[in-house]
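Comments concern the structure below.
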Amino acid sequence: MSGLTFAAYLRDATRAHGALPADLIQTLETTADACCQISAALKRGALAGILGQAGSSNIQGEDQKKLDVISNDILLDAHVRGGHLAGMASEEMDDPFPIPEGQAQGRFLLLFDPLDGSSNIDINVSVGTIFSVLEAPAGSDAAEVAPFLQPGTAQVAAGYAVYGPSTQLVLTLGHGVDSFTLDPDSGDFVLTQEGMTIPAETQEFAINMSNQRFWEQPVQHYVGELLAGKTGKRGKDFNMRWVAAMVADVHRILTRGGVFLYPLDTKTFAKGGKLRLMYEANPMSWLVEQAGGAASTGRERILDIAPNGLHQRVPVILGSRAEVERVVDYHREI
Ligand code: AFP
């Protein structure tokens, strides 16, 4: 199947796994097109005068970069014209965005983090777009928050684009994880890896070590064991990587294994964690599980969480199954 364009792949997925609804196919194709546009904007960077702060902040109180706002607008505009969605929700917007009256409507809901890791933009390091697709409950109103508040197990598609040396799109429809590379000549995403799998064991971990003094005891204990290396209980040396863009860190784990932790700590305790359930944790957790890994808050499976708000935050521990299970055990035992 390698070499298929994204559109041909979606037609093939229909043949292999039963018909994908036409409006879901359109949702995914339009999202891929929008990612292609975001990729082009990122490539122009300073030449287009689009680096730096936008002078606004999002609902989380975080300063927005110009490219956060531009990427959000690209996704909104593409999908308003598309005619296949009931509504959208974004990390960068306070409220849901229903498809305006007078525009064609569909039955799906799209949730996205338009530009994850945006602090990396100004230093020319990888960033990404994360998305999750849900079906709107019959008779629901996409101007309301309620239809969006579905657990991660209800996702019908999830994926991300990582804007690195090449632009890659990684997708799950619930039958494994496949990866596409943007062909800059044709503007098509082309299937380049089928069935991404995360090895159960690893020697690599990702965590922001500067937060160590704020962590809970189970995570202190786990990371302490990793740092002890060959001379400690684990009997092997571990390497550490931290890109500060979840997309890039998860992409590395999907590609060569590892474990990623943004655990609960005393700094983020009142908010419930750092990462957003609907825009980051749910889509990434589904991708990781579909690749044979695991994803937990330390205390529960992320995909089982019943959301209580559009911008809810949760602790995230995901990646190689054996490592995630060990951290979960420590949360039970320590
Ligand atoms: P933004 O999407 O607001 O740039 O946040 C990125 C992020 O949520 C996630 O992608 C990173 O893993 C994490 O923040 C990095 O956090 P630190 O700043 O604590 O390293």
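These numbers come from a predicted model, not from an experiment.
Residues D265 and T268 bring a donor and an acceptor atom of their side chains to less than 3.5 Å of each other. No hydrogens or angles considered: a donor-acceptor pair under 3.5 Å links the side chains of H251 and Q168. Side chain to side chain, Q53 and K66 fail the donor-acceptor criterion of an N or O pair below 3.5 Å. Side-chain atoms of S118 and D68 include a donor-acceptor pair closer than 3.5 Å. Side chain to side chain, N58 and E92 meet the donor-acceptor criterion of an N or O pair below 3.5 Å.
Proximity of a side-chain donor or acceptor of E194 to a complementary backbone N or O of S179 within less than 3.5 Å is not detected. Q103 places no side-chain N or O within donor-acceptor distance of the main-chain N or O of I99, the cut-off being under 3.5 Å. With hydrogens and angles disregarded, a donor-acceptor distance shorter than 3.5 Å links the side chain of K236 to the backbone of T202. In terms of modelled atom types and a separation under 3.5 Å, the side chain of D116 and the main chain of V247 share a donor-acceptor contact. One N or O on the side chain of T297 and one on the backbone of E300 form a donor-acceptor pair closer than 3.5 Å. A donor-acceptor distance shorter than 3.5 angstrom exists from the side chain of Y279 to the backbone of L310, with no hydrogens or angles considered. With Q290 contributing its side chain and G176 its backbone, the two residues share a donor-acceptor pair below 3.5 Å. With hydrogens and angles disregarded, no donor-acceptor distance shorter than 3.5 Å links the side chain of N72 to the backbone of P114. Remark: the backbone N or O of A136 is not paired with any side-chain donor or acceptor of R107 at under 3.5 angstrom. No side-chain donor-acceptor contact under 3.5 Å links S39 to the backbone of C35.
Between L28 and L173 the shortest side-chain heavy-atom distance falls below 4.5 Å. Looking at L76 and M93, their side chains come closer than 4.5 Å, going by heavy atoms from C-beta outward. A heavy-atom distance below 4.5 Å is not found between the side chains of T129 and Y160. Side-chain contact between V316 and E280 is absent, with no heavy-atom pair separated by less than 4.5 Å. Inter-residue side-chain proximity for V219 and H331 is flagged as met; some heavy-atom pair is nearer than 4.5 Å.
Each of L264 and M278 belongs to its own hydrophobic cluster when Ile, Leu, Val, Met, Phe, Trp and Tyr are linked at side-chain heavy-atom distances under 4.5 angstrom. L171 and L287 fall into different hydrophobic clusters, defined by Ile, Leu, Val, Met, Phe, Trp and Tyr side-chain heavy atoms under 4.5 Å apart, directly or through other members. Placement of I198 and L318 within a single hydrophobic cluster is found when ILVMFWY residues are connected by side-chain heavy-atom separations under 4.5 Å, directly or transitively. Side-chain heavy atoms closer than 4.5 Å link hydrophobic residues (I, L, V, M, F, W, Y) into clusters, and following such links, possibly through other members, connects I130 to L149. Both I207 and V314 belong to a common hydrophobic cluster when Ile, Leu, Val, Met, Phe, Trp and Tyr are linked at side-chain heavy-atom distances under 4.5 angstrom.
In this structure, the separation between CZ on R276 and CG on L111 is 14.0 Å, given to the nearest 0.5 Å.
Scanning both residues, Y262 and L275, for their nearest heavy atoms gives CB-CD1, 3.7 Å. Nearest approach of A291 to V177, heavy atoms of both residues: N-CG2, 3.9 Å. Residues R301 and T153 share a closest heavy-atom pair of NH1-CG2, 3.7 Å. Contact record, R213 with S210: NH1-O, 3.2 Å, taken as the closest heavy-atom pair. Closest non-hydrogen pair, I253 versus G319, comes out as CG2-CA, 3.8 Å. A pairwise comparison of heavy atoms in Q312 and I305 identifies NE2-CG2, 4.0 Å as the closest pair.
Counting non-hydrogen atoms of neighbouring residues, nucleotides and ligands closer than 6.0 angstrom, the NZ atom of K230 reaches no more than 12 such neighbours. Surrounding NZ of K43 are more than 12 heavy atoms belonging to other residues, nucleotides or ligands, all under 6.0 Å away.
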Which side-chain N or O atoms in residues 77-86 pair as donor and acceptor under 3.5 Å with protein atoms at least two apart or in another chain?
unit_1 : atom_1 : unit_2 : atom_2 : d
H79    : ND1    : H84    : NE2    : 2.9
H79    : NE2    : T31    : OG1    : 3.1
H84    : ND1    : G82    : O      : 3.2

- Checking salt bridge (Lys or Arg N to Asp or Glu O under 4.0 Å) for the pair E201/R321: CA distance, chi angles, key distance, verdict? CA-CA 7 Å; E201 306 283 343; R321 177 165 291 282; over 6 Å; no
- Between Y9 and F180, is a ring-ring contact (aromatic ring centres under 6.0 Å, His included) present by the stated rule, with each step listed? CA-CA 10 Å; Y9 165 90; F180 306 80; 4.7 Å; yes
- Message: Determine whether Q155 and N282 satisfy the following criterion, side-chain contact (heavy atoms from CB on, under 4.5 Å), listing intermediate values before the conclusion.
- Response: CA-CA 8 Å; Q155 294 173 103; N282 270 343; 4.0 Å; yes
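Under a 4.0 Å N-O distance rule, the pair R234/E323 qualifies as a salt bridge. The existence of a salt bridge linking R241 and D249 is excluded, since no basic side-chain nitrogen approaches an acidic carboxylate oxygen closer than 4.0 Å. A salt bridge does not link D329 with R326: every distance from a Lys NZ or Arg NE/NH1/NH2 to an Asp or Glu carboxylate oxygen is 4.0 Å or more.
Taking the six-membered ring where tryptophan is involved, the planes of H221 and Y330 are perpendicular, since the angle between them exceeds 60° and thus also 30°.
Aromatic pair F260/W242: ring centres closer than 6.0 Å.
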